[in-house]
Amino acid sequence: MCGRFTLATPLDVLIEVFKIQEVDGAIQARCNIAPTQEIYALRDCSPRRLEPLRWGLIPPWAKGPEVGSRMINARCETVAEKPSYRRAFRGQRCLILADGFYEWKKEGRERLPYLFRRKDRRPFAFAGIWESWIPRDSKGSGGMQQADPVLSASLLTTEANALVEPVHPRMPVILQEEKSWEAWLRGPASLELLQELCRPLPSEGWLSHRVDKKVNKAGYEDPSCMDALEGEV
DNA sequence: CCAGACGTTGTT
DNA sequence: GTCTGG
DNA sequence: CCAGACGTTGTT
DNA sequence: GTCTGG
């Protein structure tokens, strides 16, 4: 699973790595992105536009946005069939930008967070799906103003690779090459190709280390979140 | 037919 | 909206 | 994902 | 225990 991640790479580097052509809104370094918060995604190949989305896919039929708080992940094994996800999986895939992700290991009563990232610290993308949700006319508005649609997203999960497996049995679907970014975003794609892209990423070129439990608290964003605990590598 | 769910993880 | 369960 | 709340009535 | 909020 993946319930927290980081995106602390400077914007100019993201623009260069992902060939971003437009940037929507201000993006700031994030060390502990939590569900329901803003994430940054590319929804199209051309133009490649970086935009903020809400983490937690809100299906179009939802009565309120809180439905999205339990839709933060989609299993790649079932995403094509689940009523809440399949439409987005067919035609609304996105790349969620990241440069690290946290997974928790259960040790008795404790939940110990680990950070996973590339040795070279290059940013990468989670395979995501997005939806647009239109708020129902809220009671006092009297139809005066139509609320804007809310864009939201889930990220796909797959089996853990050798590096993640000791900590947790699932990990996010990671795309780290231009070719796979293109393939994930590009129009209609065969189920076969998409399944291929969802295989667990090999661990070569990646590192993990334990981090402080202060990461457990959503909203704690100090850069020291990403520091290795003493005695860890 | 209507009502109710629609998701993932991990578990003694 | 669409599917499942009763 | 983890942390924190988990309830109603009626009100200075 | 289970749900909601971040």
Side-chain angles (χ1 to χ4, degrees), chain A residues 1-8 28-40 52-93 96 98-117 126-136 149-161 164-174 198 200 208-222 224-226 229:
Chain A
M1 197 175 189
C2 182
R4 302 286 179 86
F5 64 94
T6 65
L7 182 62
Q28 52 179 356
R30 303 290 306 280
C31 304
N32 191 6
I33 300 174
T36 73
Q37 296 178 349
E38 233 176 42
I39 58 180
Y40 305 94
L53 306 183
R54 179 185 157 116
W55 186 10
L57 185 145
I58 309 168
W61 45 259
K63 291 195 178 69
E66 63 281 354
V67 173
S69 57
R70 275 163 298 145
M71 307 269 191
I72 64 170
N73 291 152
R75 291 178 65 92
C76 71
E77 297 90 338
T78 56
V79 66
E81 294 127 43
K82 293 290 181 183
S84 297
Y85 291 150
R86 61 187 169 200
R87 181 175 99 122
F89 180 68
R90 247 184 288 124
Q92 297 173 179
R93 295 181 298 276
I96 298 166
D99 49 28
F101 64 92
Y102 298 103
E103 295 287 355
W104 276 258
K105 183 171 190 169
K106 287 192 178 168
E107 296 274 11
R109 240 175 261 97
E110 291 217 296
R111 288 134 189 268
L112 306 177
Y114 288 73
L115 176 61
F116 296 83
R117 51 187 178 178
F126 297 130
I129 54 177
W130 63 270
E131 266 294 357
S132 175
W133 176 75
I134 299 169
R136 304 273 279 134
V150 178
L151 296 174
S152 59
S154 294
L155 62 87
L156 275 63
T157 64
T158 188
E159 292 173 12
N161 65 19
V164 175
E165 191 276 331
V167 175
H168 193 81
R170 304 285 298 178
M171 68 181 285
V173 172
I174 294 169
C198 286
S208 72
H209 61 76
R210 191 146 85 84
V211 295
D212 196 279
K213 278 177 67 181
K214 61 196 179 187
V215 171
N216 290 14
K217 190 169 177 57
Y220 189 86
E221 286 265 2
D222 192 90
S224 63
C225 279
M226 300 183 289
L229 278 199

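Hydrogens, waters and symmetry mates are skipped; everything else that's a heavy atom, side chains included, is used. The sequence lines fix the lettering, A, B, ..., with proteins before strands; numbering per chain opens at 1. Quantities reported herein were computed from a predicted structural model and do not represent experimental measurements.
At a threshold of 4.0 angstrom between heavy atoms, the contacts of A/Arg170 are confined to the sugar-phosphate backbone, with no base atom among them. The residue A/Arg4 sits close to a base: some heavy atom pair falls under 4.0 Å. Among the protein residues, A/Pro35 comes within range of the nucleic acid bases, having at least one heavy atom under 4.0 Å from a base atom. Contacts of A/Ser154 with the nucleic acid, taken as non-hydrogen atoms under 4.0 Å apart, are absent. Using a 4.0 Å heavy-atom distance criterion, A/Arg75 is classed as a sugar-phosphate-only contact.
A/Lys82 has no side-chain polar atom (N or O) that falls below the 4.0 Å cut-off from OP1 or OP2 of B/dA5. When the side-chain nitrogen and oxygen atoms of A/His168 are compared with OP1 and OP2 of B/dG10, one or more of them lie within a distance under 4.0 Å. Taking 4.0 angstrom as the limit, A/Arg86 places a side-chain polar atom (N or O) nearer than this to OP1 or OP2 of C/dC3. A sub-4.0 Å separation between OP1 or OP2 of B/dG7 and a side-chain N or O of A/Asn73 is absent. Checking the phosphate oxygens (OP1, OP2) of E/dT4, no side-chain nitrogen or oxygen of A/Thr36 falls inside 4.0 Å. For B/dG7, one of the phosphate oxygens OP1 or OP2 lies less than 4.0 angstrom from a side-chain nitrogen or oxygen of A/Ser84.
Out of E/dG5, E/dG6, D/dA3, the shortest distance to the side chain of A/Glu66 is found at E/dG5. With distances taken from any side-chain atom of A/Asn216 to the nucleotides D/dA3, E/dG6, B/dC6, the minimum falls on D/dA3.
A distance of 4.0 Å separates CG in A/Asp99 from OG1 in A/Thr6, rounded to the nearest 0.5 Å.
We find that OH of A/Tyr85 is positioned 17 Å from P of B/dA5, with the value rounded to whole Å.
Checking A/Arg30 against A/Gln37 by side-chain atom types alone, a donor-acceptor pair falls below 3.5 Å.
The aromatic rings of A/Phe116 and A/Phe101 sit parallel to each other, their planes meeting at less than 30°, with 60° as the upper class boundary.
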